[in-house]
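These numbers come from the heavy atoms of this one structure, side chains and all, not from hydrogens, waters or symmetry mates. Residue numbers start from 1 in every chain, and the chains themselves are labelled A, B, ... in the order their sequence lines are given, proteins ahead of strands.
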Amino acid sequence: MSTLHAPILDWYAAHQRDLPWRRPEASPWSVMVSEFMLQQTPVARVLGPHEAWLTRWPTPAALAAEPTGEAVRAWGRLGYPRRALRLHAAATAIVERHDGEVPAAYEDLVALPGVGDYTASAIASFAFGRRHVVLDTNVRRVLARAVSGVEFPTTAPTRAERDLATGLLPDEAPVAAEWAVAVMELGALVCTAKSPDCGACPVRDQCAWLLAGRPAYDGPPRRGQAWDGTDRQCRGRLMAVLREAHGPVHVSSLVAAWPDHVQRERCLASLLADQLMVQVGDETYALP
DNA sequence: GACTCGTGGGG
DNA sequence: TCCCCAAGAGT
């Protein structure tokens, strides 16, 4: 084990957040729901919807028994509502393939809708204590700084990066699982993207980036996310109208939400194709 | 590999 | 205010 492990594991024991999906009584399903919601959405905004979700649908079977539109509505304003559809589809697959129990094996998990390498590893590790490299944006940033000495990781994980993370993974599964969540938490709370709190970092005396004087990022420009006037904004507006309505809505409501005809029609078509909404009449639309 | 896909909070 | 971005996945 490198000298990174003990300090980070000790730091985690002392500073970890008390999150619902981390409690001993949390079910694998609770962990899975949290991982879907946390894909690109901050913890603070996930807490409320996660609790409501687990109360309403305590099991995959409970969710699978409902129309997908109910999942989309309960998703609320977490963003990227296709995740709600995928979570519903994953719950359905769990009922069909795994007798309603969230599978523990990576291969079974990654075969589920909406579950990629990160989410499969996270569920296997956090919910079942299995040994997996959990390579999320936090972990990648911590390793980039502490080991590689650069401020930010590359756009996509490289082979070398994965090898590095694999090499750091403790041998014993329970320790590996604790290590995975500890490094992630360090990235989320201390080694943050914007203004890292290096003074509070348990590995500040061995961080390559800090020892180098925190050199400025020197890679390709990281492009920001355009928003104003984009299809994503348009889709979001249209979906908000349907979420907030209790039944089918007339096109006039959608026109009011997004006046531009061409873009509205394009987004409407894409939302129908995504099955995030359905047409229920000549001029009325609803959640599926 | 580059793009797309929502939302709202903090610096 | 404006910009950055937060536990990714699918195409």
Side-chain angles (χ1 to χ4, degrees), chain A residues 12 16-17 19-22 30-50 72 75-87 89-90 109-127 132-142 151-159 165 177 180-189 191-197 217 220-244 257-258 266-267 269-271 273-277:
Chain A
Y12 181 69
Q16 62 175 284
R17 289 170 292 182
L19 301 174
W21 46 86
R22 280 186 188 162
S30 173
V31 173
M32 179 170 165
V33 171
S34 79
E35 291 304 337
F36 269 74
M37 291 183 169
L38 288 166
Q39 292 169 0
Q40 301 288 283
T41 302
V43 167
R45 294 224 322 274
V46 163
L47 290 171
H50 177 270
V72 173
W75 197 256
R77 301 191 297 194
L78 286 175
Y80 293 147
R82 293 188 296 186
R83 290 182 293 165
L85 247 31
R86 291 176 184 145
L87 180 52
L109 288 165
V110 81
L112 297 172
V115 178
D117 172 69
Y118 163 76
T119 301
S121 301
I123 296 171
S125 182
F126 304 157
H132 285 282
V133 171
V134 181
L135 211 53
D136 82 319
T137 185
N138 288 306
V139 175
R140 297 188 63 219
R141 190 173 54 248
V142 170
E151 186 176 15
F152 297 115
T154 56
T155 303
T158 62
R159 177 54 191 269
V181 72
V183 180
M184 192 177 305
E185 188 78 335
L186 184 63
L189 298 182
C191 193
T192 56
K194 278 188 188 171
S195 49
D197 186 5
Y217 176 70
R222 302 183 299 157
R223 25 183 315 180
Q225 311 166 11
W227 176 246
D228 207 47
T230 61
D231 281 4
R232 283 157 75 192
Q233 183 184 34
C234 178
R235 284 166 56 104
R237 292 271 178 83
L238 299 179
M239 285 304 297
V241 172
L242 290 209
R243 271 201 313 270
E244 289 154 18
W258 199 269
R266 180 172 69 243
C267 290
S270 74
L271 289 169
D274 287 345
Q275 302 187 60
L276 278 167
M277 65 170 67

5' priority, DNA chain B, between A:Q233 and A:T155 [closest heavy atom]: A:T155
What are the 5'-most and 3'-most nucleotides of DNA chain C lying under 4.0 Å from any heavy atom of chain A? C:dC4 to C:dG10
In whole Å, what separates the C1' atom of B:dG8 from that of C:dT1? 15 Å
Cut-off 3.5 Å, side chains only: do A:S34 and A:R22 have a donor facing an acceptor? no
Can you check the distance between B:dC5 and C:dA7, where both ends of the measurement are the P atom (answer in whole Å)? 22 Å
Taking atom types as they are modelled, is there a donor-acceptor pair under 3.5 Å from the base of B:dT7 to the side chain of A:R232? no
Hey, is the side chain of A:T41 pairing donor to acceptor with the base of B:dG6 inside 3.5 Å? yes
On DNA chain C, does the nearest nucleotide to A:P42 precede the nearest nucleotide to A:A120 from the 5' side, or the other way round? Give the residue. A:P42
State, without any angle test, whether A:Y118 and A:E35 hold a side-chain donor-acceptor pair at a distance under 3.5 Å. yes
Distance (rounded to the nearest 0.5 Å) between A:M239 CE and A:E244 CD: 11.0 Å
Going by atom types only, do A:Y80 and A:R86 share a side-chain donor-acceptor pair under 3.5 Å? no
Between B:dG1 and C:dG8, how far apart are the C1' atoms? Round to whole Å, please. 16 Å
Looking at CD of A:Q233 and CG of A:D228, how far apart are the two atoms once the value is rounded to the nearest 0.5 Å? 5.0 Å
Figure out the CG/P separation between A:L242 and B:dG6, and round it to whole Å. 13 Å
Under 4.0 Å between a side-chain N or O of A:R235 and OP1 or OP2 of B:dG6? yes
Map A:T119 and A:R45 onto DNA chain C by nearest heavy atom, then report which one ends up closer to the 5' terminus. A:R45
Given DNA chain B, 5'-ward residue of the pair A:S195 and A:R243, judged by closest heavy atom: A:R243
Reported CG-to-CG distance for the pair A:L109 and A:D117, which is rounded to 0.5 angstrom: 11.0 Å
Which whole-number value in Å describes the distance from A:D197 CG to B:dG11 C1'? 15 Å
Please report the distance, rounded to the nearest Å, between CZ in A:R83 and P in B:dT7. 10 Å
Can A:R141 and A:T192 be counted as having a side-chain donor-acceptor contact under 3.5 angstrom? no
